[in-house]
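These numbers come from the heavy atoms of this one structure, side chains and all, not from hydrogens, waters or symmetry mates.
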Protein chains: 2
Amino acid sequence: MENVFGDHADVVELLWGLREPPSRGPKPTLSVERIARVAMGIADTDGLAAVSMQRVAGELDVTKMALYRYVSGKPELLAAMIELAAGDPPDLSGVPGGWRGKLEEFVRRLAIVWRQHPWLPWSTLGDRPMGPRELGWIESAISALAGTGLTGEEQLDAVFILFGLIRNTQSMSTAGTQPWDADKNVKPLMQELLHRYGDRFPALTAATTGTTCSSRDNGREFGVHRYLDGLEALINQRASDGTRPEAGRKPA
Amino acid sequence: MENVFGDHADVVELLWGLREPPSRGPKPTLSVERIARVAMGIADTDGLAAVSMQRVAGELDVTKMALYRYVSGKPELLAAMIELAAGDPPDLSGVPGGWRGKLEEFVRRLAIVWRQHPWLPWSTLGDRPMGPRELGWIESAISALAGTGLTGEEQLDAVFILFGLIRNTQSMSTAGTQPWDADKNVKPLMQELLHRYGDRFPALTAATTGTTCSSRDNGREFGVHRYLDGLEALINQRASDGTRPEAGRKPA
DNA sequence: GTAAACTGTATCCATCGGACGCTGTGTAGG
DNA sequence: CCTACACAGCGTCCGATGGATACAGTTTAC
């Protein structure tokens, strides 16, 4: 059995550097890294929807079919883009403040990368083969929770939820994955609607009146604070339950 | 100024029932509601990507251009689909357990709807005009937080974060918005990779060993529990700070 | 030196969303 | 009643998308 990676063999080989360079034939004028870099630039400026094979090829001064010599198709190109844009995972070992300080720093670092590449958090949804850089980010966050008394499964859940928190509070304005034109500001529109039909939404009307209703962080600070508070409560409970909680023990 | 709704005037008029029926001309054989229902069915079974004008028209036994008499384009069709699939917002007034019980019930209800329409949570991202049903869901959640001492902005943040939590723990298998084929199980692939390069990811390896590693809820229960714990801490703090100390639990 | 391997190109295809114009039909005003 | 207008549905065309295939040029291994 040669194909240990199943249907994603090509993507895995590409991401994990298992491609063997060709021995004969002309020198390649391109490289996967260069293609991915151009595609990443397009996605950064014009959104993920603007990344087409033709445009990427055009910016590289080749025909679009030339790209298929390096990537098997668009999914593989996207995988290369993700791995490139993720960048090197952060090293949180020197961050003070215990697990919470480390996670807060992790949130900051991740938010910076995701702000530079707004398409990135929405491309990493769903089950798919991950590359070493991307796995390194998860490793970085998990390692912050090592020794907290949480089980392995809880650590994975906690980190997964944290990723989702940042993802959902990311600005959607330049993601470019939605059919809506992000330029238009919809908030005055919704305010007009609330003003017309406010009697049908009393709680919402009450909540929106008196707020600045703009230029917020989509509740990221609020959400992360609340979530880490809850996580801290669990960790403290674990610490007070057993003097030495081991992984694998089933909690109540 | 006739157009008070800006560039989204057509969508808003459609969603909020401001369309005037024509007086003359042949009887329409279709309706926006019927079109949206068929499109919703396609998205439910084959994913959002399978919804094309041609296919929707084909299942209605008309040409695709006939649909443009009812919806101005695909964004408007999607808006109608969202509003239809959202369904009637839940009434949580009779749910016991205070704000937390109501929100937990809200999570349950929302998860049910989103499980029936896996494409729905990912279509509702970004700023866009919302319909009355969708706004009703937000109203329902906000009303659960009324009287908790949270400010309006905090209520909005809290609900927004809650939506995101459920969205991110939704199964992606049938969303149909991703280029990856969701059928393939990637987990054994990642386990193989972790087994090969485990030394580069020690914390991750430690966290995954010993866990069942499958058939989880993507951490939804964990995340919601942690988040609501944190929210409860804030609400209790507000209650003890404020002038009116209501019946609340002691903050941790 | 030759053949195999490899690169890039050109052509072709199906499908997508959408614009435009046409024909037929039904109601409203005279 | 009858005609004019407004609306429904259809056919045709367009540009862009991802992708398959066949072919010409180039470089290395034997």
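Here the side chain of Arg167(A) pairs no donor or acceptor atom with the backbone of Trp122(A) at under 3.5 angstrom. Counting only distance, with no hydrogens or angles, the side chain of Arg133(A) and the backbone of Ile82(A) share no donor-acceptor pair below 3.5 Å. Judged by distance alone, the side chain of Trp114(A) and the main-chain N or O of Leu120(A) form no donor-acceptor pair under 3.5 Å.
Between the side chain of Lys27(B) and the base of dG26(C) there is no donor-acceptor pair of N/O atoms closer than 3.5 Å. For Lys64(B) against dG18(C), a side-chain-to-base donor-acceptor contact under 3.5 Å is present.
Residue Arg69(A) contributes atom CZ, which lies 12 Å from atom C1' of dA24(D) at whole-angstrom precision. In this structure, the CG atom of Leu67(A) is 13 Å from the P atom of dT17(D), given to the nearest Å. As a whole-Å value, the separation of Arg24(A) CZ from dG25(D) C1' is 16 Å. Summarising the geometry, the separation between CE on Met53(B) and P on dA14(C) is reported as 23 Å, rounded to the nearest angstrom. Atom CD in Glu76(B) sits roughly 14 Å away from atom C1' in dG17(C) (whole-Å rounding). In this structure, Leu60(A) places its CG atom 15 Å from P of dT7(C), rounding to the nearest Å.
Taking the six-membered ring for Trp and thresholds of 30 and 60 degrees, Trp16(B) and Tyr197(A) have nearly parallel ring planes, at less than 30 degrees apart.
Among the nucleotides dA5(C), dG24(C), dA10(C), the one closest to the side chain of Pro26(B) is dG24(C). Distances from the side chain of Lys74(B) to the nucleotides dT7(C), dG18(C), dA8(D) place dG18(C) closest. With dC16(C), dT9(C), dC10(D) as the candidates, the nucleotide lying closest to the side chain of Ser52(B) is dC16(C).
Contact annotation: Tyr68(B) side-chain N/O to dG18(C) OP1/OP2 distance is under 4.0 Å. Close to dT17(D), at under 4.0 Å from its OP1 or OP2, lies a side-chain N or O of Gln54(A).
Among residues two or more places apart in sequence or in another chain, the side-chain contact (heavy atoms from CB on, under 4.5 Å) test is passed with Thr63(B) by none.
If you find the closest nucleotide of DNA chain C to Met65(B) and to Leu30(A), the one lying nearer the 5' end belongs to Leu30(A).
Residue contacts shown for Val51(B) are limited to sugar-phosphate atoms, with no base heavy atom under 4.0 Å away.
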